[in-house]
Participant: 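First, the structure itself, so that you have it in front of you.
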Amino acid sequence: MESFSTSGYFPEPYNLGGQIQMIWTQLRAPLFVPFLTVLMKICLGMSIMLFIERVYMGFVIVYIKLFTRKIEKRYKWESFKDDIELGNSAYPLVLVQIPMFNEKEVYQLSIGAACGLSWPSDRIVIQVLDDSTDPIIKGLVEMECQRWASKGINIHYQVRDNRKGYKAGALKEGLRHRYANECEYVAIFDADFQPEPDFLWQTIPFLHHNAELGLVQARWKFVNSDECLMTRMQEMSLDYHFKVEQEVGSSTYAFFGFNGTAGVWRMAAIDEAGGWKDRTTVEDMDLAVRASLKGWKFLYLGSLKVKNELPSSYKAYRYQQHRWSCGPANLFRKMVLEIITNKKVTLWKKLYVIYSFFFVRKIVAHLVTFVFYCVVLPTTMMVPEVVVPQWGAVYIPITITVLNAIGTPRSFHLLVFWILFENVMSLHRTKATFIGLFETNRVNEWVVTEKHGDASKFKGITKQLKKPRFKLGERYGFLITLPLIVNCNLKLLVKQQF
């Protein structure tokens, strides 16, 4: 009687699946379990670091709100008074810089808002730094500047023959002009920012009466936060940054990262710090750290808000987050030794900048969100030998999430969507963080965030006129990764329950 073989009786796919299952069973215990266990413990350690940081900042905010005066009241503030003898010369000369690049949708808004600032007309200079590559847009921006100049506004339209250094290069080049060197303070507004007319009256007195202040930073107010679900998610993250992170840094260490716009610098602080540098894509943070190491203090005004626009497309937001995640990690790589060896600041301030500001917020926060919540926890479902403690899988994440979302109470019901959205973005942020730390080929990639301005009001009409475009490359990260993260999170929830 002829015997039959297993391979001839069962279909080939079954044999292949059985072989894979056998290999997985043999390798799981001696190889994969130890590796996953070590990775889990590292992630739990990072989770504790992030948890302590968030709880600490929460306590500081509560203490500030309940038991101390507002931080701005610690600094002297007096309104300027007219002097008959000195006239307008009693007011400091202020430069307003507006860097832009092909900003067709918003150039009129930003230039108009800057020209509408209330300040003695002969003591303010508007400087439009146009790096546009589109000749039509350059012509429109120049015509807008000429229109305001014809109304008596002291406005200068400046262009370069290259884009070296991007925004940092434009700002640096703008300060080389003679009229700019005569100014005592410089206010910076990105192309989509629209300050209120009294912006200078609320910020300049702090700098004028407090010689130790080098920067006054205002808060951002989002005009299109209700445009779509994605802008609501961004609002939740940025509200925490402004209401907690910036407030804590200002009130405890008089240091925080300059947001690159909606702030006023003392010219002396910029000069002493070494001016603008284009070695990273976060030239604003770079300048802030260097100025702080020189002993300058910063003031954050949470009560002063400047209108601006959030990215309303996933592609634009992804490019922005790449720059915001890659730049800080790269700057940390370049400046950590300089911070350690600095002799002008206290040990506690060094520790705050290195550990809290850079390491925990700019590196650990991205790594733990992706590696732990999106990789380690879902993988443990296939490896029952690795048990994640409940405090690390449930209690710490819930606490961190609630502390983050409490800054935007109107969106608290969107918390689940925010968690899923942040998990999706953690992949891009983690990748960008490693690019910055190891300084790979995309480390200096700079893509200007797309803006819509008033065009966003006619979004529905525009969609009807334009032919739909579907690019797999743009949608892969969101449309495929989001269901994956949703599935993993749901499975993890079931595992915790049963």
Participant: Determine, for D271 against K294, whether the closest basic-nitrogen to carboxylate-oxygen distance falls under 4.0 angstrom.
Facilitator: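 Result for this pair is no, no salt bridge flagged.
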Participant: I need the minimum non-hydrogen distance between D131 and A170, along with the two atoms involved.
Facilitator: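 For D131 versus A170, the nearest heavy atoms are OD2-CB, 3.7 Å.
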Participant: When the aromatic ring centroids of F193 and W220 are compared, is their separation below 6.0 Å?
Facilitator: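 Close enough - the centres of the two rings lie under 6.0 Å apart.
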Participant: Over all heavy atoms of both residues, which pair between Y185 and H208 is shortest? Give the atoms and the distance, please.
Facilitator: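 Taking Y185 first and H208 second, the nearest heavy atoms are OH-CA, 3.3 Å.
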Participant: In plain terms, say whether K334 and E439 are close enough for a salt bridge, that is, a side-chain N and a carboxylate O under 4.0 Å apart.
Facilitator: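 Yes.
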Participant: Using a distance-only test with no angle check, is there a side-chain donor-acceptor pair under 3.5 angstrom linking S121 and N154?
Facilitator: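 Looking only at side-chain atoms, N154 and S121 do not form any donor-acceptor pair under 3.5 Å.
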Participant: If you count every heavy atom of other residues, nucleotides or ligands that lies below 6.0 Å from I406 atom CD1, does the total exceed 12?
Facilitator: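 Count not over threshold, so no.
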Participant: Between D278 and G165, what is the shortest heavy-atom contact and its length?
Facilitator: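 The pair with the smallest heavy-atom distance is OD2-CA, 3.2 Å.
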Participant: Any Lys/Arg nitrogen of E247 or K243 sitting under 4.0 Å from an Asp/Glu carboxylate oxygen of the other?
Facilitator: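 Looking at K243 together with E247, the answer is no, because their closest N to O distance does not fall below 4.0 Å.
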Participant: Of all heavy-atom pairs between L287 and G275, which one has the smallest distance, and what is that distance?
Facilitator: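 Smallest heavy-atom distance, with atoms named: CD1-O, 3.9 Å.
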Participant: For G116 and P197, which heavy atoms make the closest approach, and how far apart are they?
Facilitator: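 That closest heavy-atom pairing would be O-CB, 3.6 Å.
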Participant: Check residues 200-207 and write down every donor-acceptor pair under 3.5 Å in which the side-chain atom is one partner and the other belongs to a residue at least two apart or another chain.
Facilitator:
| residue | atom | partner | partner atom | Å |
| --- | --- | --- | --- | --- |
| W201 | NE1 | S118 | O | 2.7 |
| W201 | NE1 | S118 | OG | 2.8 |
| Q202 | NE2 | D198 | OD1 | 3.4 |
| Q202 | NE2 | D198 | OD2 | 2.7 |
| T203 | OG1 | F199 | O | 3.0 |

Participant: Supply the atom-to-atom distance I339 CD1 to L331 CG, rounded to the nearest 0.5 angstrom.
Facilitator: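 Reported value, rounded in 0.5 Å steps: 7.5 Å.
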Participant: Would you say CZ of F80 has more than 12 non-hydrogen atoms from neighbouring residues, nucleotides or ligands within 6.0 angstrom?
Facilitator: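 Buried by this count: over 12 neighbours within 6.0 Å.
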Participant: Do NZ/NE/NH1/NH2 and the carboxylate oxygens of E422 and R429 come within less than 4.0 Å?
Facilitator: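 Judged by the 4.0 Å cut-off on N to carboxylate O distance, E422 and R429 do form a salt bridge.
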Participant: Hey, what's the ring geometry for F255 with F357, parallel, tilted or perpendicular (30° and 60° as the breaks)?
Facilitator: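 Aromatic pair F255/F357 classed perpendicular.
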Participant: Quick one, E53 with S356, criterion side chain to side chain donor-acceptor pair (under 3.5 Å). Give me CA distance, side-chain angles, the key distance, then yes/no.
Facilitator: CA-CA 7 Å; E53 174 73 7; S356 180; 2.4 Å; yes
Participant: Tell me whether the rings of Y91 and W119 are parallel (<30°), tilted (30 to 60°) or perpendicular (>60°).
Facilitator: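 The rings of Y91 and W119 stand perpendicular, inter-plane angle above 60°.
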Participant: Please check if atom NZ in K350 has more than 12 non-hydrogen atoms from other residues, nucleotides or ligands closer than 6.0 Å.
Facilitator: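 Counting other residues, nucleotides and ligands, NZ of K350 exceeds 12 neighbours.
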Participant: Heavy-atom count check: over 12 atoms from other residues, nucleotides or ligands less than 6.0 Å from Y352 OH?
Facilitator: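 For Y352, atom OH is crowded (more than 12 foreign heavy atoms under 6.0 Å).
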Participant: For E309 versus V106, what's the shortest heavy-atom pair and its separation?
Facilitator: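 Taking E309 first and V106 second, the nearest heavy atoms are OE1-CG1, 4.1 Å.
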Participant: Can you list every ring pair (Phe, Tyr, Trp, His ring centres under 6.0 Å) pair that touches residues 123-169, not counting sequence neighbours?
Facilitator: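 Found H156-Y179, Y166-W446.
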Participant: Between E235 and R410, is there a salt bridge with N-O shorter than 4.0 Å?
Facilitator: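 Yes.
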Participant: Has N224 got a side-chain atom pairing as donor or acceptor with L310's backbone, closer than 3.5 angstrom?
Facilitator: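 The answer is yes, because a donor-acceptor pair under 3.5 Å joins these two groups.
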Participant: Using the side chain to side chain donor-acceptor pair (under 3.5 Å) rule, pick out the option among Q97, K167, K451 that qualifies with D190.
Facilitator: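 Option passing the side chain to side chain donor-acceptor pair (under 3.5 Å) with D190: K167.
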